[in-house]
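Take a look at the structure below.
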Amino acid sequence: MAEAQGQAPPDEEVLVAPERGSVEELLDASAGDPLDPMRHSAAHVMAEAVMDLFPGTKLGIGPAIADGFYYDFELPRALTPDDLAAIEARMAASVAADHAFVRHELPPEEGRAFFVERGQPYKVEILDDLGVAARAAGRPMPPVTTYEHGPFIDLCRGPHVASTGRIGPFRLLSVAGAYWRGDEKRPMLQRIYGTVWATQEELERYLWRREEAKKRDHRKLGRDLDLFSFHAESPAAPFWHPRGMALWRALEAWSRQVRLEGGFVEVRTPAVVRKELWETSGHWALYRENMFVFEDGDHLSGLKPMNCPESMLIFRTQVRSYRDLPMRLADYSWLFRNERTGALAGMFRVRQLTQDDSHVICRDDQVIEEVNLALRLVRRQYGPFGFEPRFKLATRPEKKLGTDEFWEMAEGKLAEALHGAGIAYAVDSGGGAFYAPKIDVFVEDALGREWQMATIQLDYQLPQRFELEYRAAAGGVERPVVIHYAIYGSFERFIGIITEHYAGAFPFWCAPVQAVVVPIADRHLDAAGELAGVLRARGLRVEVDNSSNRMQNKIRLAQEQKVPYMLVFGDREAEARTASPRTRGGEQQPAVGWEELAERLAEEAAARRPD
RNA sequence: GCCGACAUAGCUCAGCGGUAGAGCAGCUGUUUCGUAAACAGCAGGUCCUCGGUUCGAAUCCGAGUGUCGGCUCCA
């Protein structure tokens with residue numbers, strides 16, 4: 001989720017840290033939530049409470065964020081959950097006291113002196129930086145604004161609610177470490193997160209949503225549904241169980257079909273690669289700390305973190321003609337990334353992963369068309385999940401390779417491809433990779449969370465590093481362009497996302513187990529097995545519950561496993577060679593003949609409806 | 001990597017200085033049942049690992065490993 005790189009408008013970034021990864025923030029940084037003043041006010045009240053309980057606390061920043069607020073503190077000791085309760089109680093007292101928020105303005109020097117005197121070095125640093133920024137812009141340093149309520153006064157530009165009594169129902173949520181200004185070389189402060197809403201109902205709804213998200217946690221569902229497991233013997237590397245693998249294969253088959261329709265051919269490339277390749281690609285210089293490197297005889301080798309360099313080698317195995325382009329290569333190879341331990345998180349960040357990786361090697365005049373194809377494939381591949389992707393054009397960053405003309409051209413091509421596909425998009429100014437602009441793709445899940453999914457990257461660097469060339473129509477040689485994208489991203493992360501999106505109730509087409517036959521008594525087991533065989537012959541994933549449980553319990557277990565169809569099978573069905581389907585939605589369907597059922601379910605699977 | 005928390009049976013958790021408990025799951029037996037839990041019995045644990053304190057450690061302390069919440073990172 002934190003893959004998006006937020007870039008706050010320059011004059012906002014000091015006092016208000018945007019929530020990283022929030023697409024709303026990325027798409028429209030100016031759109032503030034109407035609850036923000038209240039949330040920010042709650043942060044002030046929390047700071048008041050903390051100062052009260054821990055005199056001498058040094059204050060960091062305390063902005064409003066999506067759904068709430070936080071404040072960073074330098075404290076004499078680590079906070080415990082009990083402290084949160086005490087802080088909440090003090091906050092409640094401050095709210096009950098209904099202190100007015102009062103704005104003050106001080107001349108710059110006086111304002112600075114005020115915070116020096118109060119022993120607030122972080123606030124002083126902010127003021128000093130504001131001064132530097134003002135001078136750089138050739139403006140005079142503006143007055144220092146503070147907000148005071150009751151016993152507490154803080155550097156702040158506002159706005160706030162009129163008084164603390166206007167702060168709605170709130171709850172403190174968690175404590176976490178956070179580097180001052182997000183810089184890992186600076187001190188680590190303690191950040192308290194809280195949430196606040198206009199009404200009790202909204203607060204409760206938010207807390208319910210958090211609970212719901214916890215219930216849907218893919219790490220829990222992955223175990224409950226027997227999809228995968230993690231083991232300390234290979235940290236952050238999933239072990240795929242039969243059911244997880246069934247889901248994977250269904251997704252993979254769909255990805256392959258989409259690639260096939262898009263004119264791709266598939267390759268597979270080695271996992272162990274000598275360092276010379278990574279030197280050529282630039283990974284050795286730029287990505288080595290994330291690679292697993294080892295001695296391989298008298299050479300140094302690395303496990304590949306990405307597929308692209310190897311596709312370059314495949315391209316170079318022949319003299320290529322302009323007629324051979326575009327060459328569209330799909331690659332589902334294993335990738336290995338030695339992520340920093342703290343970054344690991346269930347399926348969302350693993351160290352061994354597989355992408356539905358796509359490399360299009362094309363002529364410069366084919367770029368727009370190929371990006372356009374990528375955009376169409378993205379939409380097509382997300383269709384069966386009901387995801388409606390949103391697109392963002394990430395343009396030149398401050399630190400970049402290449403001339404302005406180059407960026408002008410590359411950004412223009414991506415924009416044109418977006419227009420050509422009839423896609424409305426936002427611009428993430430400065431969000432591009434250092435070597436080229438890109439198009440980032442986002443989807444919203446069933447809980448309203450935004451996820452960054454595919455990224456479509458233009459790459460003029462790799463062809464140059466690998467000296468790729470083709471024979472041009474006009475004679476001579478020219479250098480192709482590479483377009484990279486993975487639509488699911490990694491299978492691991494995508495499965496994590498859809499597990500939570502569907503709360504484990506996967507659509508029929510990709511459900512790990514599509515139907516369970518529920519024999520009513522042991523005498524039905526043989527015929528139930530026959531029924532399963534008929535369905536399996538049509539490629540359906542069917543199991544028979546041959547336990548000694550009663551039918552009711554078999555149904556309950558199948559429901560808990562979120563199996564789309566339960567096929568109740570007793571004397572009547574055995575007699576007539578039918579089955580009585582019950583859906584996981586609780587609908588009981590009339591008995592149907594085996595062949596007809598197989599036909600119907602096979603069609604349903606092929607239709608890949610999002611459900 | 002950094003800050004903090006957590007680690008007890010397959011799962012969810014209780015026990016928190018005197019050598020370990022429940023529910024569910026599992027196994028066995030009985031039951032063979034018509035749309036979300038049949039009944040009975042049995043079995044199951046170097047209390048993450050290593051070290052320390054103590055007469056005695058699941059319990060206190062330290063280190064390590066893993067996981068979780070964040071920060072950072074994320075071609």
Side-chain angles (χ1 to χ4, degrees), chain A residues 1-5 17 20-21 60 70 72 74-75 77-81 83 173-193 214 217 219-220 223-224 226 229-236 281-283 285-287 289-291 305-309 335 337-346 348-349 355 432-436 438 452 455 457 459 461-462 482 484 486 493 518-525 547-561 566-573 580-584 586-589 591:
Chain A
M1 183 145 80
E3 308 226 347
Q5 292 170 344
R20 298 172 67 88
Y70 68 77
D72 289 344
E74 187 182 302
L75 290 159
R77 66 166 173 84
L79 292 171
T80 68
D83 293 323
L173 300 171
S174 60
V175 184
Y179 298 111
W180 168 238
R181 299 200 137 172
D183 181 346
E184 60 185 318
K185 295 190 182 61
R186 306 295 307 270
M188 180 160 280
L189 309 179
Q190 295 188 66
R191 174 173 298 177
I192 304 177
Y193 284 96
K214 228 160 111 186
D217 189 315
R219 291 167 292 206
K220 173 178 157 48
R223 185 177 53 233
D224 293 349
D226 198 16
S229 54
F230 288 93
H231 301 272
E233 289 85 346
S234 184
S281 68
H283 287 83
L286 294 165
Y287 201 71
E289 64 178 34
N290 280 319
M291 288 176 61
M306 292 173 210
N307 293 311
C308 23
L335 300 177
R337 297 182 182 178
N338 194 3
E339 303 280 359
R340 294 166 76 169
T341 53
L344 304 170
F348 293 153
R349 186 62 67 84
Q355 296 181 323
F434 69 87
Y435 56 86
K438 58 183 181 165
Q452 181 173 349
T455 293
Q457 297 183 298
D459 190 349
Q461 290 295 317
L462 215 51
V482 174
H484 310 249
R493 184 166 177 277
V518 177
I520 288 176
D522 283 357
R523 64 175 176 279
H524 306 124
L525 280 177
S547 71
S548 66
N549 288 322
R550 298 169 72 216
M551 176 203 62
Q552 284 86 341
N553 201 16
K554 292 178 182 180
I555 287 173
R556 179 184 151 89
L557 295 173
Q559 288 283 157
E560 283 177 344
Q561 290 290 307
M566 284 142 268
L567 305 173
V568 175
F569 195 86
D571 289 333
R572 298 201 290 268
E573 288 80 5
S580 297
R582 172 203 159 102
T583 68
R584 64 186 162 195
E587 182 201 355
Q588 279 145 46
Q589 299 178 345

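Throughout, a chain's letter reflects where its sequence line sits, starting with A, and its residues are numbered from 1. Quantities reported herein were computed from a predicted structural model and do not represent experimental measurements.
Taking atom P in both B:rC47 and B:rA7, the straight-line distance is 14 Å, to the nearest Å. If you take atom C1' in B:rA5 and the same atom in B:rC73, they sit 22 Å apart, rounded to whole Å. Using atom C1' as the reference point in both B:rU8 and B:rA58, the two lie 7 Å apart (nearest Å). Comparing B:rU30 with B:rG23, their P atoms sit 24 Å apart, to the nearest whole Å. If you take atom C1' in B:rA37 and the same atom in B:rG4, they sit 41 Å apart, rounded to whole Å. If you take atom P in B:rA14 and the same atom in B:rA57, they sit 24 Å apart, rounded to whole Å. Separation of the P atoms belonging to B:rA22 and B:rA9 is 14 Å when rounded to the nearest angstrom. Of the C1' atoms belonging to B:rC13 and B:rG17, the separation is 22 Å, rounded to the nearest Å.
B:rC74 atom C1' lies 12 Å from atom CD of A:Q457, rounded to whole Å. Rounding to whole angstrom units, CD of residue A:E233 and C1' of B:rC48 are separated by 11 Å. In this structure, A:Q190 atom CD and B:rG69 atom C1' are separated by 13 Å, rounded to whole Å. Between the CZ atom of A:R349 and the C1' atom of B:rC73 there is a distance of 8 Å, rounded to whole Å. If you take CZ of A:F348 and C1' of B:rG69, they are 14 Å apart, rounded to a whole angstrom. Atom NE2 in A:H231 sits about 18 Å away from atom P in B:rC48, given to the nearest Å. One interatomic measurement links the two molecules: CZ of A:R181 to C1' of B:rC73, which rounds to 20 Å at whole-angstrom precision. Counting to the nearest Å, the C1' atom of B:rG1 and the CG atom of A:D183 are 13 Å from each other.
Here A:Y193 reaches the OP1 or OP2 of B:rC71: one of its side-chain N or O atoms lies under 4.0 Å away. Distances shorter than 4.0 Å separate none of the side-chain N or O atoms of A:R523 from OP1 or OP2 on B:rU32. Side-chain nitrogen and oxygen atoms of A:R219 include at least one within less than 4.0 Å of the OP1 or OP2 phosphate oxygen of B:rC68. The side chain of A:S174 places no N or O atom within less than 4.0 Å of a non-bridging phosphate oxygen (OP1 or OP2) of B:rG70.
In this structure, the side chains of A:Y435 and A:Q457 come closer than 4.5 Å at one or more pairs of heavy atoms. In this structure, the side chains of A:C308 and A:L462 come closer than 4.5 Å at one or more pairs of heavy atoms. A:L335 has its side chain within reach of A:N307: a pair of non-hydrogen atoms, C-beta onward, lies under 4.5 Å apart.
When each of A:F434 and A:Q588 is assigned the nucleotide of RNA chain B bearing its nearest heavy atom, the one mapping closer to the 5' terminus is A:Q588. Looking at which nucleotide of RNA chain B each of A:V568 and A:D217 is closest to, the 5′-most match is held by A:V568.
In the set B:rG1, B:rU35, B:rG69, the nucleotide with an atom closest to the side chain of A:R340 is B:rG1. With B:rU35, B:rU72, B:rC3 as the candidates, the nucleotide lying closest to the side chain of A:E184 is B:rU72. Checked against B:rU72, B:rG69, B:rU32, the side chain of A:A343 finds its nearest nucleotide in B:rU72. Minimum atom distance to the side chain of A:P235 is reached by B:rG66, of the listed B:rG66, B:rC33, B:rG1. Here B:rA36 is the nucleotide among B:rU32, B:rA36, B:rU72 with the atom lying nearest to any side-chain atom of A:R582. Among the nucleotides B:rG34, B:rC73, B:rA38, the one closest to any side-chain atom of A:N553 is B:rA38. Here the side chain of A:R191 is nearest to one of B:rC71, B:rC33, B:rG1, namely B:rC71. For A:A232, taking side-chain heavy atoms from C-beta onward, the closest of the listed nucleotides B:rG66, B:rG34, B:rA38 is B:rG66.
In terms of polar N and O atoms assigned as donor or acceptor, the side chain of A:E573 comes within less than 3.5 Å of the base of B:rG34 in a complementary pairing. At a cut-off of 3.5 angstrom, the base of B:rG70 holds no donor-acceptor pair with the side chain of A:Y179.
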Nucleotide N/O to protein N/O under 3.5 Å, stretch nucleotides 5-13 of chain B:
from	atom 1	to	atom 2	distance (Å)
B:rU12	OP1	A:R223	NH2	2.8

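A salt bridge links A:R219 with A:D217; the closest basic N to acidic carboxylate O contact falls under 4.0 Å.
Contact between A:P305 and A:H283 at its shortest, heavy atoms only, is CG-CD2, 4.3 Å. Closest approach of A:Q452 and A:T455 over heavy atoms only: NE2-OG1, 3.1 Å.
A side-chain donor-acceptor contact under 3.5 Å links A:Q559 to the backbone of A:R584. Side-chain atoms of A:D83 come within 3.5 Å of backbone N or O of A:T80 as a donor-acceptor pair. With A:Q190 contributing its side chain and A:R77 its backbone, the two residues share a donor-acceptor pair below 3.5 Å.
Nucleotide B:rG21 has B:rC13 as its partner under the Watson-Crick or G-U criteria, with both atom distances under 3.5 Å. Nucleotide B:rU32 forms a pair with no other nucleotide shown, judged by Watson-Crick or G-U wobble geometry with both contacts under 3.5 Å.
Residue A:L286 is in base contact, counting any heavy-atom pair closer than 4.0 Å across all strands shown. Within the 4.0 angstrom heavy-atom criterion, base atoms lie near A:S580. Contacts of A:A436 with the nucleic acid, taken as non-hydrogen atoms under 4.0 Å apart, are absent. At the heavy-atom level, A:H484 lies nowhere under 4.0 Å from the strands shown. Backbone-only engagement by A:G182 is indicated by non-hydrogen atom pairs under 4.0 Å involving sugar-phosphate atoms exclusively. Using a 4.0 Å heavy-atom distance criterion, A:A521 is classed as a base contact. The residue A:Q552 sits close only to the backbone: its heavy atoms come under 4.0 Å of sugar-phosphate atoms, none of a base. Residue-level contact check: A:D459 touches neither bases nor backbone, having no heavy atom under 4.0 Å from any strand. The residue A:G346 sits close only to the backbone: its heavy atoms come under 4.0 Å of sugar-phosphate atoms, none of a base. Counting any heavy atom pair closer than 4.0 Å across all strands shown, A:R572 reaches a base atom.
In this structure, A:R337 has no salt bridge (charged side-chain N to carboxylate O under 4.0 Å, His left out) partners at least two apart in sequence or on a different chain. Every residue meeting the side-chain contact (heavy atoms from CB on, under 4.5 Å) condition with A:D224, not counting sequence neighbours, appears here in chain and number order: A:K220.
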Show your working on side chain to side chain contact (heavy atoms under 4.5 Å, CB included) between A:F434 and A:L286 and close with a plain yes or no. CA-CA 12 Å; A:F434 69 87; A:L286 294 165; 3.9 Å; yes
